[in-house]
Amino acid sequence: MDLHEYEAKQLFGEYGVRLVEGEIADTPDQVRLAAGRIGRKVVVKAQVKVGGRGKAGGVKVADGPEHARARAEEILGMDIKGHTVRRVLVEEASDIAEEYYFSFLLDRANRTFLSICSAQGGMEIEEVAVTDPDAVVRTPVGPEGVDRAAALEICRAAKLPEEVHDRAAATIVHLWEVAVGEDATLVEVNPLVRTTDGRIIALDGKVTLDDNAAFRHAERVPFADDSGTDPRELRAVEKGLNYVKLDGEVGIIGNGAGLVMSTLDVVAYAG
């Protein structure tokens, strides 16, 4: 289950990751009230389960409550890569000195977790990974997990500024606790920022929870969002079936994922 940013940050806060003040809102008037309570320059951020919100115009800075309301009117209802924005996060704007990237993800091929860290975070992290792959450091996580010493080693390997190592390492340990405690297959922060006053803050958050472990986390049921799911897939779930909608007119009923994919290939090859 992929989480919205505000849900990911709820988990981060429970595990001690440092965040900025923020409120969720569904209407422009709610955004205006939230900005008023925050009382400073804010950022209005579209809540959709897809990347590239900033480039699509789904993240806008506002100077006050009325400006925030106008920004919300621009964002709410917009389409971002096929996802309609129905909710926004209103957050205190940060004075950013530097942006980093950090994530834990399940490395299925090697049957372990992997940490990915870079001193060059932000919207262009994918481009950095292509043009300067040495700037994106991948570190396998052993069975002992990630403690402060391991987190400091990650910071050094990624060439984060030495003066932020202690604070960044503490955040990395908290993010590992999120991954383990919530049975997550992905925990990502981009950007993880150093503010001008020296704080290390998770300015964004992306989390994917393992559905197979949902029975251990009944308290996370409210995170489930079926608004973008095909109705036939929802009906299948109710009956304990796995159903995937594909284009075409031929349906495949199979027993086991490998057999299903092989059959799909054979049918497609036959035209």
Side-chain angles (χ1 to χ4, degrees), residues 2-20 22 45 49 51-54 59 89 91 94 96-107 110 112-142 144-196 198-210:
D2 295 329
L3 302 188
H4 288 288
E5 176 192 2
Y6 74 93
E7 295 168 330
K9 285 182 172 178
Q10 177 183 323
L11 295 184
F12 290 174
E14 292 176 13
Y15 285 85
V17 177
R18 195 161 190 173
L19 306 167
V20 295
K45 308 170 77 175
K49 297 179 181 180
R53 296 174 302 167
V59 179
L89 178 61
E91 283 191 335
S94 299
I96 300 171
E98 291 181 320
E99 296 185 342
Y100 316 126
Y101 173 91
F102 188 82
S103 67
F104 285 113
L105 72 157
L106 184 61
D107 183 352
N110 294 303
T112 186
F113 272 87
L114 186 69
S115 79
I116 301 179
C117 188
S118 177
Q120 302 178 43
M123 289 193 296
E124 307 301 332
I125 185 63
E126 292 86 357
E127 184 177 332
V128 171
V130 173
T131 59
D132 188 7
D134 291 339
V136 181
V137 176
R138 296 165 172 83
T139 306
V141 176
E144 68 279 2
V146 178
D147 57 11
R148 183 176 180 276
L152 284 170
E153 185 56 37
I154 291 170
C155 292
R156 286 191 285 267
K159 295 182 172 59
L160 266 59
E162 188 171 351
E163 62 269 22
V164 307
H165 281 187
D166 284 341
R167 283 159 289 159
T171 299
I172 289 171
V173 170
H174 290 319
L175 292 172
W176 175 247
E177 291 168 350
V178 173
V180 174
E182 298 297 326
D183 290 301
T185 58
L186 172 69
V187 175
E188 179 184 82
V189 179
N190 185 34
L192 179 69
V193 305
R194 178 175 70 84
T195 61
T196 53
R199 293 174 295 158
I200 298 294
I201 293 174
L203 213 57
D204 197 355
K206 184 180 294 184
V207 171
T208 301
L209 302 179
D210 187 350

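Computed from a predicted structure; not experimentally measured.
Closest heavy-atom contact between Leu209 and Glu182: CD2-O, 3.6 Å. In plain terms, the two heavy atoms of Cys155 and Ala168 that are nearest each other are SG-CB, 3.9 Å. Contact record, Lys9 with Ala202: CE-O, 3.8 Å, taken as the closest heavy-atom pair. Minimum heavy-atom separation, Ile172 to Val146: CG2-CG1, 4.1 Å. The heavy-atom pair separating Ala158 from Val137 by the smallest distance is CA-CG2, 3.6 Å.
When atom types are taken as modelled, the side chain of Thr185 and the backbone of Asp210 share no donor-acceptor pair closer than 3.5 angstrom. A distance-only check finds a donor-acceptor pair linking the side chain of Asp147 to the backbone of Ala149 [under 3.5 Å]. No donor-acceptor pair closer than 3.5 Å links the side chain of Ser94 to the backbone N or O of Ile96. In this structure, Thr208 contributes its side chain and Asp2 its backbone to no donor-acceptor pair below 3.5 Å.
Taking the six-membered ring for Trp and thresholds of 30 and 60 degrees, Phe102 and Phe104 have ring planes more than 60 degrees apart, a perpendicular arrangement.
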Would Val17 and Leu175 satisfy side chain to side chain contact (heavy atoms under 4.5 Å, CB included), going step by step from the backbone distance to the final call? CA-CA 7 Å; Val17 177; Leu175 292 172; 3.9 Å; yes

Could you walk me through whether Glu5 and Arg53 pass the side chain to side chain contact (heavy atoms under 4.5 Å, CB included) test, one step at a time? CA-CA 11 Å; Glu5 176 192 2; Arg53 296 174 302 167; 2.8 Å; yes

Take Asp166 and Arg148 through the test side chain to side chain contact (heavy atoms under 4.5 Å, CB included) and record every step on the way to the result. CA-CA 9 Å; Asp166 284 341; Arg148 183 176 180 276; 2.8 Å; yes

Let's go through Ile201 and Thr171 carefully: what are the C-alpha distance in whole Å and the side-chain angles of both, what is the deciding distance for side chain to side chain contact (heavy atoms under 4.5 Å, CB included) to 0.1 Å, and is it a yes or a no? CA-CA 8 Å; Ile201 293 174; Thr171 299; over 6 Å; no

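Taking the ring pair (Phe, Tyr, Trp, His ring centres under 6.0 Å) definition, one finds that Tyr100 meets it with nothing, sequence neighbours left out. Partners of His174 under the ring pair (Phe, Tyr, Trp, His ring centres under 6.0 Å) rule, at least two apart in sequence or in another chain, do not exist in this structure. Every residue two or more places apart in sequence or in another chain that forms a side-chain hydrogen bond (donor to acceptor under 3.5 Å, both in side chains) with Tyr101 is listed here: Ser103, Glu188.
Taking a 6.0 Å sphere around CD of Glu163, one finds it holds more than 12 heavy atoms contributed by other residues, nucleotides or ligands.
Within the model, atoms NE2 of His4 and NZ of Lys206 stand 12.5 Å from one another, a figure rounded to the nearest 0.5 Å.
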